[in-house]
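What follows is a short report on a single structure.
One is the number of the first residue; the rest follow in order along the sequence.
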Amino acid sequence: MEKEHHKHVNHSSHAKASTHTHTHSLGHEAMIEDFKRRFVVSAILTIPILLLSPTIQNFLGFRLEFAGSTYLLWFLSSIVYVYGGKPFLVGLYREVKERLPGMMTLIGVAITTAYVYSSMTTFFIPGKTFFWELATLIDVMLLGHWIEMKSVMGASKALEKLVKALPSMAHLIKDGEVVDVHVSSLRKGDKILVKPGEKIPVDGVVVEGSSSVDESIVTGESKPVYKTIGSKVIAGTVNLDGSLIVEAVSIGEETYLSQVIELIKRVQASKSRVQDIANRIAKWLTIIALSVGSVTFIVWLLFIGDPVFALERAVTVMVITCPHALGLAIPLVIARSTAITASNGILVRNREVFEKAFKVNAVVMDKTGTLTEGRPIVKNVVVFDESFSREEIVSLAASLEKYSEHPIAKAIVEYAVENSIGLSDPRDFKNIPGKGVEGVVDGRKVAVVNQYYVLEKGIELPSKAREYIGLGYTTVFIVIDNSVRGMIILDDKIRRESYEAVRKLKEMGIRVVMLTGDQKSVAERVSRELGIDEYYAEVLPHQKIEVVKKIKEKGYIVAMVGDGVNDAPALMEADVGIAIGAGTDIAIESADIVLVKNDPRDVVKVIDISRRTYKKIKQNLAWAIGYNVFAIPAAAGVFYNIGFLLPPALGALFMSVSTVIVAVNASLLK
């Protein structure tokens, strides 16, 4: 009872987590609306501020003066400063309190300096006011923030899409009746009816019915997947055309989609290596902004003696140096790439490692189940004794193997069933570890074994059998009454996708290495067929780690691709560990990246997305830093002698344009 209660609590906490995500999303939307509202109000008030400003009147050649016009200008500017500037003033206070000066500090200092100085010239001292610069600066900064927040919001759409994919209600089959219940009340083992067009509420197994299911939200694959009795289904996927009865295997937080949601939230919230670099750059730019701003003010004050001009230059420097675009450059790209990988069935468990994947120049792939289907099939049956027919050889072998769980045994039995070959019940069945099985079938002593058994027993191999051994296929011998009467040749079929995956990896300049526990002849054939650069055969699971170490010692950055179970040590040793074909089981602690589909082409996608992500990050950093290299001297007035001065409002506009360019560039990541 205690366990059941615990499960219920877990599921409730999942419901709360989903609600929290939704609330978090609503919080972002409220903030976006707040910035939009402040921008609109400030922009409307800026119109009369511009008309009342002497500088604008002189520039446009008109005069608008009346009793109290100067005080009206101050009053309107005060509203813009307090209402429009509030987010930046609050940010300034927080950063100073935390002793972490940054973007908000720069903006807050700039607008406060402008407002305080202009207020003093209005009431106490002679001098120029630049309320219009203050108002336009706040307008532009509010607009920039509004656009940025909308961009960040857009980058989180994939997470919201996943949350919305989880249905809240389910049709529970209880005592022969269908009852509509909330998903939080479901338990493992419950039978759930899923009607056509509905979302599947749990991870489970189909126990009745058949239908096509749209799994695109999980795998990115648009083609519907046919499901019948025994098929696995995933919560959040859509049942298309038939009714299904599903037995719940995973519920609530345990479902695949819930784990993906938590994974994306954790990855997006975590800091990355490149983001730390960007933050350090931002800190130095903050110091430069304040230092150069102060020096600019002092130098111009000493050389020209005009405090208004000196202050204008200082303010412009502090605005233009603001590392806003830099702060946005990394998170947007990472958020975008995380969304892309998740929607393609690629789950990034370690973002720092994913960011390093662009350096990979050697991919080590396990053969069985990765490059091949991992399921042997009968390719040919060879008869050496004419007194036995092909069907008799298969019947004797399959009859003996029908109680074995070995993949080769299953393949032989499957072949017999597919070809309507009758089977008998064996007697004195005996398993010979590492060599095969033996027993009595229809009064004959039969053994289905490998060549090691034949050699050990001193049984003569027909010359024709030796020819087949060297071809690189798995071979088993049918020994009847101590003589080799036939041979079954099996093949672990190479995946169609493997050819394309290997070709594309090589086109990307990546060395492809194959690992297998199979014989050298088998490894050589698969390697030759796929065009693989290097292979290691007869490698035991615990030896795979040594192979990875050996390749790393040659100077390669290695990605290891395996099933995450017997490949665990090698996955951990590799620079990038990729677990392939994990399906709904994403709890693979040894892998940095988990591929939902059993498709080796997704390895190409991982490296390609990592390369594109790194390229976008470099572009954004280059733009943000390079922009400041030009902008800071221009704002300080270095080009004054050639008649170029950067007004603070124009500086603010350029800075926001830089931010928008960074946001747009990140959104172009495909």
Side-chain angles (χ1 to χ4, degrees), residues 26-57 64 66 68-98 101-124 128-153 311-312 314-316 318-320 322 324 327-328 647-657 659-660:
L26 287 175
H28 271 295
E29 287 177 8
M31 285 176 72
I32 291 170
E33 279 303 308
D34 182 59
F35 270 98
K36 180 183 176 182
R37 191 165 49 248
R38 290 179 191 275
F39 167 69
V40 170
V41 171
S42 299
I44 291 169
L45 291 174
T46 299
I47 296 170
I49 290 172
L50 290 170
L51 293 173
L52 290 168
S53 295
T55 308
I56 300 298
Q57 291 176 17
L64 181 63
F66 52 87
S69 61
T70 305
Y71 301 114
L72 178 60
L73 174 61
W74 171 83
F75 178 71
L76 294 172
S77 300
S78 298
I79 296 173
V80 172
Y81 172 70
V82 174
Y83 180 72
K86 184 184 175 184
F88 311 115
L89 297 173
V90 171
L92 164 65
Y93 172 75
R94 284 177 183 162
E95 288 184 354
V96 170
K97 188 180 177 183
E98 292 170 9
M103 174 178 59
M104 291 298 188
T105 304
L106 291 179
I107 301 167
V109 167
I111 62 174
T112 301
T113 305
Y115 177 72
V116 170
Y117 180 80
S118 297
S119 296
M120 288 174 68
T121 59
T122 301
F123 294 102
F124 306 113
K128 295 177 182 178
T129 63
F130 48 106
F131 284 124
W132 76 269
E133 290 97 338
L134 162 72
T136 52
L137 173 57
I138 289 174
D139 291 344
V140 170
M141 296 308 297
L142 285 170
L143 178 63
H145 271 69
W146 177 33
I147 292 170
E148 284 163 34
M149 293 186 77
K150 282 185 76 175
S151 300
V152 173
M153 193 71 185
L311 187 58
E312 180 186 286
V315 168
T316 308
M318 287 190 281
V319 171
I320 211 77
C322 175
H324 210 171
L328 192 66
L650 187 61
L653 179 64
F654 285 164
M655 201 280 305
S656 290
V657 167
T659 303
V660 172

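- Minimum heavy-atom separation, Leu89 to Gly108: CD2-O, 4.4 Å.
- Put simply, CD1 on Ile138 and CD1 on Ile111 are 4.5 Å apart, with the number rounded to the nearest 0.5 Å.
- Counting only N and O atoms by type, the side chains of Ser118 and Trp74 include no donor and acceptor under 3.5 Å apart.
- Atom CD1 in Ile44 sits 9.5 Å away from atom CZ in Phe39 (nearest 0.5 Å).
- Taking 4.5 Å as the limit, some side-chain heavy atom of Ser77 sits within range of a side-chain heavy atom of Leu73.
- Here the side chains of Tyr115 and Val82 are not in contact, with every heavy-atom distance at 4.5 Å or above.
- Between the CD1 atom in Ile47 and the OG atom in Ser42 there is a gap of 11.5 Å [rounded to 0.5 Å].
- The OG1 atom of Thr136 lies 9.0 Å from the CD1 atom of Ile49; values are rounded to the nearest 0.5 Å.
- The closest side-chain heavy-atom distance from Lys97 to Arg94 is not below 4.5 Å.
- Of all heavy-atom pairs spanning Gln57 and Leu51, the tightest one is NE2-O, 2.9 Å.
- Note that CZ of Phe131 is 10.0 Å distant from CG of Leu76, once rounded to the nearest 0.5 Å.
- For the pair Thr46/Trp132, no side-chain contact is recorded, criterion being any heavy-atom separation below 4.5 Å from C-beta on.
- Here OH of Tyr83 is found 5.0 Å from CZ of Arg37. Values are rounded to the nearest 0.5 Å.
- Contacts of Tyr71 classified as ring-ring contact (aromatic ring centres under 6.0 Å, His included), with partners at least two apart in sequence or in another chain: Phe123.
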Checklist entry - Can you check side chain to side chain contact (heavy atoms under 4.5 Å, CB included) on Leu52 and Phe66, steps first, answer last? => result CA-CA 10 Å; Leu52 290 168; Phe66 52 87; 3.9 Å; yes
